[in-house]
K.L.:
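Following this message is one structure expressed as structure tokens.
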Amino acid sequence: MSQTEPTLITEDVYRTYRDKQDNDIRKAFKQQTSLIEDGNKQLTATFNSKLSNVNGTLSGRVGELSHEVQQLKSEVSQVKRRLDQIEGDMGEMKTGLNQMQGRSFNRSRILPRHTLSSIRVFKPDVGFTLPDYFPHTVNDFWKLQFPPQERN
């Protein structure tokens, strides 16, 4: 059997060996750091490129949407104007119907004590209103036709 002889390690040999290991470790860390930094630079460049493409696309789309929103606003205002016009027309039609019903009802009233139905009037931008004074009975109506000073 062969025996190996023990080797004595001196402090200088230990330091030299340890310094070499430290240098190798530092070199490996520097290589890893360099690889990581290069990867980060590539990722950042790719990300910025993609982000600028997205920003450009979004800017164009926002412009298109702004235009479409303006068109919608215009169409909505046209619809509102048309509805206002229709509302006015409906008010006039309701007024005409109300006046016909009121006149028909009031025409059938013949006795002085019979009550009359007041006839509403439609005013644009105001709506239906009652006249300031409308006679309550047939007798009050005839008093309007022939005031007391004219009866003599």
K.L.:
At what distance, to the nearest 0.5 angstrom, does CE of Met93 lie from CD1 of Ile86?
P.N.:
11.0 Å
K.L.:
Would you please test Glu75 and Leu72 for side-chain contact (heavy atoms from CB on, under 4.5 Å) and show each step?
P.N.:
CA-CA 5 Å; Glu75 291 174 12; Leu72 283 175; 4.1 Å; yes
K.L.:
Check the side chains of Gln78 and Arg81 for a donor-acceptor pair under 3.5 angstrom, ignoring hydrogens and angles.
P.N.:
no
K.L.:
Would a distance-only check, ignoring hydrogens and angles, find a side-chain to backbone donor-acceptor pair under 3.5 Å from Thr46 to Gln42?
P.N.:
yes
K.L.:
Checking side-chain contact (heavy atoms from CB on, under 4.5 Å) for the pair Glu37/Thr33: CA distance, chi angles, key distance, verdict?
P.N.:
CA-CA 6 Å; Glu37 287 176 354; Thr33 302; 3.6 Å; yes
K.L.:
Can a salt bridge be assigned to the pair Lys20 and Asp24 using a cut-off of 4.0 Å between side-chain N and carboxylate O?
P.N.:
yes
K.L.:
Identify every side-chain donor-acceptor pair in residues 52-65 under 3.5 Å, counting partners at least two apart or on other chains, and give the distances.
P.N.:
from, atom 1, to, atom 2, distance (Å)
Ser52, OG, Asn48, O, 3.4
Ser52, OG, Ser49, O, 2.8
Thr57, OG1, Asn53, O, 2.9
Ser59, OG, Asn55, O, 2.8
Arg61, NH1, Glu64, OE1, 2.8

K.L.:
After noting the C-alpha distance and the side-chain angles of Asp19 and Arg15, does the key distance pass the salt bridge (charged side-chain N to carboxylate O under 4.0 Å, His left out) rule?
P.N.:
CA-CA 6 Å; Asp19 288 343; Arg15 280 197 180 143; over 6 Å; no
K.L.:
What distance do Asp38 atom CG and Leu43 atom CG have between them, rounded to the nearest 0.5 Å?
P.N.:
11.0 Å
K.L.:
Considering residues, nucleotides and ligands other than Glu68, do more than 12 of their heavy atoms fall under 6.0 Å from its CD?
P.N.:
yes
